[in-house]
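Report on the following structure.
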Amino acid sequence: MAIYLSFTYSLKKSFKYVLKSGFGIFFLLFLGEGIVRIYFPDLKEELRYKQIHCLQQFSEIRLCPEVNETFTRKDGKPWDIQTNHLGERTVSMENPENSTTKIWLIGDSMAMGYGLPTNKSIAYLLKNKFNIQTRVLAVDAIGTNGILSLYLDIYNRVNLEGKPTHIYWIWNPSDFIDDEREKKGFRKLIYPIHFYLSRFSVLYNYAIRSPKANVYEGSPILYPKSHTTYTNLKNFFAKTFDHKEHIRILFSWGMAPNGTPDTRDPNYEHSKVFFTSEKIKTIDLRRETEIQFAQKKQIYIPEDGHPDEDLAELFASAIAKDYKNSQ
């Protein structure tokens, strides 16, 4: 009996200790969450932006459906984003399942138009300046395999009338970094935990601050042909072989850390050679970008590196020219 009472007492004591410890940890986390929200207001905006992203099949990121939000860029300018019921960024509420749009814009944040108001986005300019309806299949930082998954998901869903005749991929060496972060193995299993914590906790976002997108830290490095991105690109073109003649790769200079075109980055030229070897047409806008930057045009979003309105217009003009010349 004495042993039983002693055991029961120990259990109660352990339970109280665990309860107090758990409450203490919860209180500290709650306090930390409040402090970070007060002293780092920019993180709240980052959190809001992450909340327009949804998780699909445990590891694939998509834009959430029926989004209509406005955000503030680092330079203080507002930008808005709307999505349809499929989670595609739109410039109108036309139902894409009934659409016969023949122009598809694919890629990551650059094609999606991160930081650009709807009326400055590439798809909007194509529609309203060049009378070219465009479907946008793009999500930020999803890497080459993510872009392939999103593209095939929609391509295999539409009927023959809805298949694209022209596919424009705004490409950037940031894919080398995004592809290295691809979730595999154990990381893929626990990714949903990370996703939802980063979606709702400012404290968690502060603890795992993401590196800047589309901006090199220090000097750019040349990625070897053995890099996973080149492997993923070969896989992309193999899986789209029957319609890869419709694909065009567009690229310009990314932004260097000092805010100028990153003309020292050797990956553009090496990637261009690779795309040519794969018999993929490229539209090289590097020279035009340098000229417009010298003319004080708004090429990059300050402190960010994504295309600003004038570079978006350059992309739109190049797409319109290629499309009309191919008719």
[atom1] ([X]) with more than 12 external heavy atoms under 6.0 Å:
X	atom1	result
Lys321	NZ	no
Asn156	CG	yes
Lys296	NZ	no
Lys163	NZ	yes

Let's go through Thr134 and Ile122 carefully: what are the C-alpha distance in whole Å and the side-chain angles of both, what is the deciding distance for side chain to side chain contact (heavy atoms under 4.5 Å, CB included) to 0.1 Å, and is it a yes or a no?
CA-CA 9 Å; Thr134 308; Ile122 298 170; over 6 Å; no
Quick one: do [X] and [Y] end up in the same hydrophobic cluster if we chain Ile, Leu, Val, Met, Phe, Trp and Tyr together by side-chain heavy atoms under 4.5 Å apart?
X	Y	value
Ile247	Ile142	yes
Phe315	Ile167	yes
Val67	Trp79	yes
Ile291	Leu285	no
Leu126	Tyr323	yes

Point-to-point distance, once rounded to the nearest 0.5 Å, from [atom1] of [X] to [atom2] of [Y]:
X	Y	atom1	atom2	value
Lys324	Asp322	NZ	CG	12.0 Å
Glu288	Leu311	CD	CG	10.5 Å
His53	Leu63	NE2	CG	5.0 Å
Trp253	Thr289	CH2	OG1	9.5 Å
Ile154	Ser149	CD1	OG	9.5 Å
Ile319	Leu105	CD1	CG	5.0 Å

Donor-acceptor pair, side chain of [X] and main chain of [Y], under 3.5 angstrom:
X	Y	result
Arg62	Gln56	no
His246	Thr165	yes
Lys102	Glu161	yes
Lys120	Gly113	no
Lys244	Glu278	yes
Tyr268	Gly254	yes
Thr83	Glu66	yes

Between [Y] and [X], is there a side-chain heavy-atom distance shorter than 4.5 Å?
X	Y	result
Ile249	Lys281	no
Phe251	Trp169	no
Phe176	Ser271	yes
Lys44	Arg48	no
His306	Ser109	yes
Thr228	Thr144	no
Val136	Glu88	no
Lys74	Ile301	no

As a quick check of understanding, evaluate side chain to side chain contact (heavy atoms under 4.5 Å, CB included) for Glu245 and Lys279, giving each step before the final call.
CA-CA 8 Å; Glu245 72 274 7; Lys279 296 180 172 54; over 6 Å; no
If we ignore angles and hydrogens, is there a donor and acceptor under 3.5 Å between the side chains of [X] and [Y]?
X	Y	answer
Thr229	Asp175	no
His227	Asp179	no
Thr263	Glu290	no
Asn258	Thr260	yes

Would you check, one step at a time, whether the test side chain to side chain contact (heavy atoms under 4.5 Å, CB included) holds for Leu55 with Ile61?
CA-CA 5 Å; Leu55 190 63; Ile61 305 298; 3.9 Å; yes
Which pair of non-hydrogen atoms, one from [X] and one from [Y], has the smallest distance, and what is that distance?
X	Y	result
Leu86	Arg157	CD2-NH1, 3.3 Å
Thr70	Glu45	O-OE2, 4.5 Å
Leu125	Ala316	CB-CB, 3.9 Å
Ala141	Asp178	CA-OD2, 3.6 Å
Thr282	Lys272	OG1-CE, 3.8 Å
Ser121	Val91	OG-CG1, 3.9 Å

Salt-bridge contact Glu313-Lys297 (side-chain N to carboxylate O under 4.0 Å):
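Looking at Glu313 and Lys297, the cut-off is not met.
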Arg73 and Asp308 ion-paired at < 4.0 Å:
yes
Would you sort out whether Phe275 and Trp171 count as a ring-ring contact (aromatic ring centres under 6.0 Å, His included), showing the intermediate values?
CA-CA 11 Å; Phe275 289 128; Trp171 189 86; 5.5 Å; yes
Can you classify the ring geometry of Tyr168 versus His166 as parallel (below 30°), tilted (30 to 60°) or perpendicular (above 60°)?
parallel
If we check side-chain contact (heavy atoms from CB on, under 4.5 Å) with Ile170, which of these qualifies: Met110, Met112, Arg248?
Met110
Would you please test Tyr114 and Tyr49 for ring-ring contact (aromatic ring centres under 6.0 Å, His included) and show each step?
CA-CA 11 Å; Tyr114 176 88; Tyr49 180 67; 5.2 Å; yes
Apply side chain to side chain contact (heavy atoms under 4.5 Å, CB included) to residues Phe71 and Ile52 and explain how you reach the verdict.
CA-CA 11 Å; Phe71 300 96; Ile52 70 168; 3.8 Å; yes
With Tyr155 via ring pair (Phe, Tyr, Trp, His ring centres under 6.0 Å) - residues at least two apart:
Tyr151, His243
